[in-house]
Asker: 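Pasting a structure here, questions to come.
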Amino acid sequence: MSLTLAVLKGDGIGPEISEATLSVLAAASDRFGLGLSFEDVPVGLAALAAAGSTYPAETAARVEAAEGIILAPLDTYQYPEGQPNPSAQVRRTLDLYANIRPSVSRLPGAGRRLDLVIYRENTEGFYSDRSMFAGSGEFMPTADLALSVRKITRQASERIARAAFEAAARRRGLVTAVHKANVLRQSDGLFLDAVRTVAGEFPDVRLEEVIVDAMAALLVRDAARFDVVVTTNMYGDILSDEAGELAGGLGLAPALNAGDDHAVAQAVHGSAPDIAGRGIANPVALILSAALLLQRLGARRGEPHLAEAADAIDRAVTAALADPANHTPDLGGRSTTSAFAAAVAAELAG
Ligand code: ATP
């Protein structure tokens, strides 16, 4: 068995948390005989310095050829005007329509008890820079009038709903569809209609519908009751930050961007330039994102070893977090990025 992952180490804390993640993956590869190898693909400010672009054509070609990709955070604020945002490029060119964001409480005695996963539609909605075939969904007809167009299609709504129902069928059997169809009757109405259609294919999964503002409150009140949440792009963006915070904070929040043919492990947090280069960034989010990637590739390729390795990484991270001596400063501890990774690798080695 062998598998090569493309690794884009990103900007800011990206290279540090990438190294930590690769060391954990290498330990999992040894333990489970995965035959993992890594291909370093330049991106971001390093690629700009070396090749004149934050997302060179060569990088795009190598990403398109890879089944599994790890994309560390990018400091796009630092990019000169006109340089591409690699994250948006990757999502668009690989048609990564599902942004999968689990929130699980792992810190003993802190945060809420929750174990949910948000399936956020990733290709349309209010994201004006990427939702249109040509041009932008946001425009200003006059200096004092700004308009933003939200795009919702049946096809995109059905495919994110299908991904969510498939996940719920493997989990606790509940899908919560989040919407604002009482106000956005046409667009969120279409989204809900698509979700209900897909629900018909999954008689063993229960569907509930919750209005987005109520959802924001319910997450605070009783996050433990949710299993799989499916929603449109911007609601998913906001609610997953809320759920991530309830589960213990940004440094712990993983994500997978998935399409039919490719999947990209990508932490929810940004490049944290304020702490870059100090060796103190929390690598948990990217490590858990990589575990989600292995899970996905295991299911796609019919290789249970990959899913077993993913579960083992998940358990090893939880075990390492149980000891406050392993906590990085964002969790109130004094540990380092590499020491945390070593603790996870030691757990994996058993
Ligand atoms: P960007 O411009 O790339 O979005 P940002 O600093 O504006 O970066 P985040 O990177 O998400 O946004 O960071 C928000 C805050 O959380 C920062 O203070 C950052 O240091 C902290 N933070 C984010 N990720 C981590 C992490 N993995 N470990 C420790 N602290 C983190």
Side-chain angles (χ1 to χ4, degrees), residues 8 10 63 68-74 76 85-104 116-131 137 150-153 155-168 170-171 175-179 188 191 194-195 198 212 215-216 219 226-247 250 252-271 285-286 288-297 299-300 310:
L8 288 75
V63 163
I69 297 143
I70 295 175
L71 175 56
L74 301 156
T76 52
N85 175 343
S87 179
Q89 295 283 333
V90 168
R91 287 182 195 188
R92 191 169 176 147
T93 53
L94 304 185
D95 196 21
L96 305 175
Y97 59 84
N99 185 210
I100 302 166
R101 294 184 168 185
S103 286
V104 179
L116 61 83
V117 54
I118 296 182
Y119 275 67
R120 166 192 171 201
E121 203 293 320
N122 214 15
T123 62
E124 51 184 36
F126 259 131
Y127 288 76
S128 54
D129 57 336
R130 64 200 78 153
S131 62
R150 176 169 179 255
K151 174 178 148 197
I152 301 290
T153 66
Q155 186 241 5
S157 302
E158 283 191 2
R159 66 182 180 172
I160 190 67
R162 195 162 286 111
F165 275 86
E166 283 167 358
R170 295 189 301 270
R171 290 172 50 102
V175 168
T176 304
V178 176
H179 66 94
D188 272 352
F191 172 75
V195 173
V198 172
V212 63
M215 186 68 185
L219 275 177
F226 296 106
D227 180 15
V228 176
V229 176
V230 66
T231 190
T232 52
N233 203 340
M234 191 178 282
Y235 305 153
D237 194 9
I238 297 167
L239 292 174
S240 57
D241 265 31
E242 184 185 352
E245 199 54 42
L246 292 172
L250 259 186
L252 305 179
L256 189 71
N257 285 296
D260 289 332
D261 301 320
H262 299 84
V264 180
Q266 200 176 357
V268 169
H269 63 71
S271 64
L286 196 62
L288 292 174
S289 303
L292 293 174
L293 178 62
L294 294 188
Q295 191 105 50
R296 172 100 181 173
L297 294 178
R300 261 182 65 88

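Predicted model only: the values in this text are computed from it and were never measured.
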Asker: Considering non-hydrogen atoms only, spot the tightest contact between Ala243 and Leu116 and give its length.
Answerer: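 So the two residues come closest at CB-CD1, 4.2 Å.
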Asker: Using a 3.5 Å distance criterion without hydrogens, assess whether the side chain of Ser289 forms a donor-acceptor pair with backbone atoms of Ala255.
Answerer: yes
Asker: Taking it one step at a time, do Asp227 and Arg170 satisfy salt bridge (Lys or Arg N to Asp or Glu O under 4.0 Å)?
Answerer: CA-CA 11 Å; Asp227 180 15; Arg170 295 189 301 270; over 6 Å; no
Asker: As an exercise, state the distance from CG of Leu96 to CZ of Arg91, rounded to the nearest 0.5 Å.
Answerer: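 The CZ atom of Arg91 is 8.0 Å from CG of Leu96, to the nearest 0.5 Å.
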Asker: If the condition is side-chain hydrogen bond (donor to acceptor under 3.5 Å, both in side chains), which residues does Tyr235 pass it with, not counting sequence neighbours?
Answerer: Asp188
Asker: With Ala285, which residues qualify under side-chain contact (heavy atoms from CB on, under 4.5 Å), at least two apart?
Answerer: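 Partners of Ala285 by the side-chain contact (heavy atoms from CB on, under 4.5 Å) criterion, ordered by chain and then number, come out as Ala267, His269.
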Asker: Write down the atom of Thr123, the atom of Ala156, and the distance for their closest heavy-atom approach.
Answerer: OG1-CB, 4.3 Å
Asker: Can you tell me how far CZ of Arg92 sits from CG of Asn122, rounded to the nearest 0.5 angstrom?
Answerer: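 Interatomic distance, Asn122 CG to Arg92 CZ, rounded to 0.5 Å: 12.5 Å.
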Asker: Which atoms form the tightest heavy-atom contact between Asn257 and Gln266, and what is the distance?
Answerer: ND2-OE1, 2.7 Å
Asker: Decide yes or no for Leu8 and Pro86: does some side-chain heavy atom of the first lie under 4.5 Å from some side-chain heavy atom of the second?
Answerer: no
Asker: Which value, rounded to the nearest 0.5 Å, describes the distance between Thr176 atom OG1 and Tyr119 atom OH?
Answerer: 13.5 Å
Asker: Once ring-ring contact (aromatic ring centres under 6.0 Å, His included) is applied, do any residues pair with Phe165, and if so which ones, sequence neighbours excluded?
Answerer: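 Once residues adjacent in sequence are excluded, the partners of Phe165 under the ring-ring contact (aromatic ring centres under 6.0 Å, His included) criterion are Phe202.
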Asker: Among residues at least two apart in sequence or on other chains, which ones pass side-chain hydrogen bond (donor to acceptor under 3.5 Å, both in side chains) with Thr93?
Answerer: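 Applying side-chain hydrogen bond (donor to acceptor under 3.5 Å, both in side chains) to Thr93 gives none.
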Asker: Are Val195 and His179 side-chain neighbours, meaning at least one heavy-atom pair lies under 4.5 Å?
Answerer: no
Asker: Would a 4.5 Å heavy-atom cut-off, applied to side chains only, mark Arg296 and Ile100 as touching?
Answerer: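 Contact flag for Arg296/Ile100 side chains = yes.
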Asker: What's the spacing between Arg101 CZ and Leu256 CG if we round to 0.5 Å?
Answerer: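 Answer for the CZ-CG pair, Arg101 versus Leu256, is 11.5 Å.
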Asker: For Asp241, enumerate each residue passing the side-chain hydrogen bond (donor to acceptor under 3.5 Å, both in side chains) test, keeping only those at least two apart in sequence or located in another chain.
Answerer: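 Asp241 satisfies side-chain hydrogen bond (donor to acceptor under 3.5 Å, both in side chains) with no other residue.
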Asker: Quick one: does Ser103's side chain get under 4.5 Å of Ser240's, heavy atoms only?
Answerer: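 The answer is no; the side chains never approach within 4.5 Å.
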Asker: Only one of Val230, Leu239, Val228 passes side-chain contact (heavy atoms from CB on, under 4.5 Å) with Ile118; say which it is.
Answerer: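 Only one of Val230, Leu239, Val228 forms a side-chain contact (heavy atoms from CB on, under 4.5 Å) with Ile118, namely Leu239.
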Asker: Which atom pair, heavy atoms only, marks the closest approach of Leu71 to Leu286?
Answerer: O-CD1, 4.2 Å
Asker: Among all residues two or more places apart in sequence or in another chain, which pass the side-chain hydrogen bond (donor to acceptor under 3.5 Å, both in side chains) test with Ser157?
Answerer: none
Asker: Once rounded to the nearest 0.5 Å, what's the spacing between atom CD1 of Ile69 and atom CG of Leu293?
Answerer: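 If we round to the nearest 0.5 Å, Ile69:CD1 and Leu293:CG are 8.0 Å apart.
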Asker: Please determine which of Lys151, Glu121, Glu124, Arg150 meets the side chain to side chain donor-acceptor pair (under 3.5 Å) test together with Thr232.
Answerer: Arg150
Asker: If every non-hydrogen atom of Leu292 is compared with every non-hydrogen atom of Pro254, which pair is closest and at what distance?
Answerer: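 That closest heavy-atom pairing would be CD1-CB, 4.1 Å.
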Asker: In Å, rounded to the nearest 0.5 Å, how long is the span from CE of Met234 to CD1 of Ile238?
Answerer: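 Answer rounded to 0.5 Å: 6.0 Å.
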